[in-house]
Student: 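I have a structure I would like to understand better, so I am pasting it below and will then ask my questions one at a time.
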Amino acid sequence: QVQLVESGGGLVQAGGSLRLSCVASGRTFSSYAMGWFRRPPGKEREFVASISGSGGTTYYADSVKGRFTISRDNAKNTVYLQMNSLKPEDTAVYLCAASWVVIPRSPRECQYWGQGTQVTVSS
């Protein structure tokens with residue numbers, strides 16, 4: 001069993017930056033690929049970014065390429081999402097997720113989920 005807890009969300013103006021963190025329980029953190037997903041108001045979850053267990057491979061949604069960076073520190077059981085040049089359309093609940101099988105690019109590929117943290121970007 002893996003428990004995930006996100007933090008770092010908040011209210012920010014367009015063009016600003018935030019860094020989200022996701023702390024995982026357990027001692028096999030490096031065995032999991034990790035992903036960030038988001039749920040905009042009234043919409044389903046969508047893929048944002050993901051990273052392999054070692055950190056050597058990353059994927060990004062086209063909508064965030066060049067603006068967001070995913071990273072991890074396995075010694076701290078933590079995954080980060082650095083978000084720069086934020087836009088109002090980035091407003092969503094951001095969720096951390098873990099996959100035992102693949103580097104996820106779909107919510108269906110993740111076995112564990114955090115509760116989410118709200119990110120609101122004002123114009």
Student: Do you know which two heavy atoms are closest between Leu86 and Leu18, and how far apart they sit?
Tutor: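 Nearest pair, atom of Leu86 first, then Leu18: CD1-N, 3.9 Å.
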Student: Say you draw a straight line from CE of Met34 to OG1 of Thr58; how long is it, rounded to the nearest 0.5 Å?
Tutor: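 Rounded to the nearest 0.5 Å, the CE-OG1 separation comes out at 14.5 Å.
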Student: Is a donor on one side and an acceptor on the other found under 3.5 Å between the side chain of Glu6 and the backbone of Gly116?
Tutor: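 Yes, Glu6 side chain to Gly116 backbone: donor-acceptor pair under 3.5 Å.
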Student: With side-chain hydrogen bond (donor to acceptor under 3.5 Å, both in side chains) as the rule and sequence neighbours excluded, what pairs involving residues 16-25 come up?
Tutor: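 Qualifying pairs, neighbours excluded: Ser17-Asn84.
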Student: Do the non-hydrogen side-chain atoms of Thr117 and Val93 ever get within less than 4.5 Å of each other?
Tutor: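 No, their side chains stay 4.5 Å or more apart.
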Student: Strictly distance-based, threshold 3.5 Å: is any side-chain N or O of Arg67 a donor or acceptor partner for the main-chain N or O of Ser85?
Tutor: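 Pair found, side chain donor or acceptor close to backbone of Ser85.
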Student: Going through the distances and angles, do Phe68 and Trp36 end up as a ring-ring contact (aromatic ring centres under 6.0 Å, His included)?
Tutor: CA-CA 11 Å; Phe68 292 10; Trp36 286 98; 10.0 Å; no
Student: Compare all side-chain heavy atoms of Phe47 with those of Tyr60 and state whether any distance is below 4.5 angstrom.
Tutor: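 No, every pair of side-chain atoms sits at 4.5 Å or beyond.
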Student: What pair of heavy atoms forms the shortest contact from Leu4 to Cys22, and how long is it?
Tutor: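 That closest heavy-atom pairing would be CB-SG, 3.9 Å.
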Student: Do Val79 and Phe29 make a side-chain contact, defined as non-hydrogen atoms from C-beta onward lying under 4.5 Å apart?
Tutor: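 Yes; the side chains approach each other to less than 4.5 Å.
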Student: Any side-chain to backbone donor/acceptor pair from Thr120 onto Leu11? Under 3.5 Å, distance only.
Tutor: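 Not confirmed, Thr120 side chain does not pair with Leu11 backbone.
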Student: Just one of Val119, Thr69, Asp90 clears the side-chain contact (heavy atoms from CB on, under 4.5 Å) bar with Met83, so which one?
Tutor: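 Testing each of Val119, Thr69, Asp90 against Met83, the sole residue satisfying side-chain contact (heavy atoms from CB on, under 4.5 Å) is Val119.
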Student: Would you check if Leu95 and Gln115 make a side-chain contact, meaning some heavy-atom pair closer than 4.5 Å?
Tutor: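 A side-chain contact is absent here, since even the closest heavy-atom pair is not under 4.5 Å.
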Student: Any chain of hydrophobic side-chain contacts (each under 4.5 Å) joining Ile51 to Tyr112?
Tutor: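 In one cluster with Ile51: Tyr112, yes.
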Student: Using modelled atom types only, decide if a donor and an acceptor are shared between the side chain of Gln82 and the backbone of Tyr80 within a distance under 3.5 Å.
Tutor: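 A pair under 3.5 Å: no.
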Student: Quick check: is Val12 connected to Val48 through a chain of hydrophobic side chains (ILVMFWY, heavy atoms under 4.5 Å apart)?
Tutor: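 Val48 and Val12: one cluster.
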Student: If you measure from CG on Leu81 to CZ on Arg72, what distance do you get to the nearest 0.5 Å?
Tutor: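 The distance works out to 13.5 Å.
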Student: For the CD atom on Gln13, are there more than 12 heavy atoms of other groups (residues, nucleotides or ligands in this structure) within a distance under 6.0 Å?
Tutor: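 No, not enclosed.
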Student: Measure the OG-NZ distance between Ser123 and Lys87 for me, rounded to the nearest 0.5 Å.
Tutor: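 Interatomic distance, Ser123 OG to Lys87 NZ, rounded to 0.5 Å: 14.0 Å.
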Student: So does Pro104 get a backbone contact from the side chain of Ser50, meaning a donor-acceptor N/O pair under 3.5 Å?
Tutor: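 Side chain of Ser50 to backbone of Pro104, a donor-acceptor pair under 3.5 Å: yes, one is there.
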Student: Is it the case that atom CD in Gln111 sees more than 12 heavy atoms from other parts of the structure closer than 6.0 Å?
Tutor: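 It does: Gln111 CD has more than 12 such atoms within range.
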Student: Using modelled atom types only, decide if a donor and an acceptor are shared between the side chain of Asn77 and the backbone of Ala24 within a distance under 3.5 Å.
Tutor: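 Side chain of Asn77 to backbone of Ala24, a donor-acceptor pair under 3.5 Å: yes, one is there.
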Student: Checking salt bridge (Lys or Arg N to Asp or Glu O under 4.0 Å) against Glu46, which of Arg38, Arg39, Arg105 comes through?
Tutor: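 Option passing the salt bridge (Lys or Arg N to Asp or Glu O under 4.0 Å) with Glu46: Arg38.
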Student: Donor-acceptor check, side chain of Ser99 to backbone of Val102, threshold 3.5 angstrom: yes or no?
Tutor: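 It does hold such a pair.
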Student: Can you tell if the side chain of Cys96 reaches within under 4.5 Å of the side chain of Phe37, non-hydrogen atoms only?
Tutor: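 No. Closest side-chain heavy atoms not under 4.5 Å.
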Student: Find out whether Trp100 and Glu109 are in side-chain contact, i.e. whether some heavy atom of one side chain is under 4.5 Å from a heavy atom of the other.
Tutor: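 In short, these two side chains do not touch, never coming nearer than 4.5 Å.
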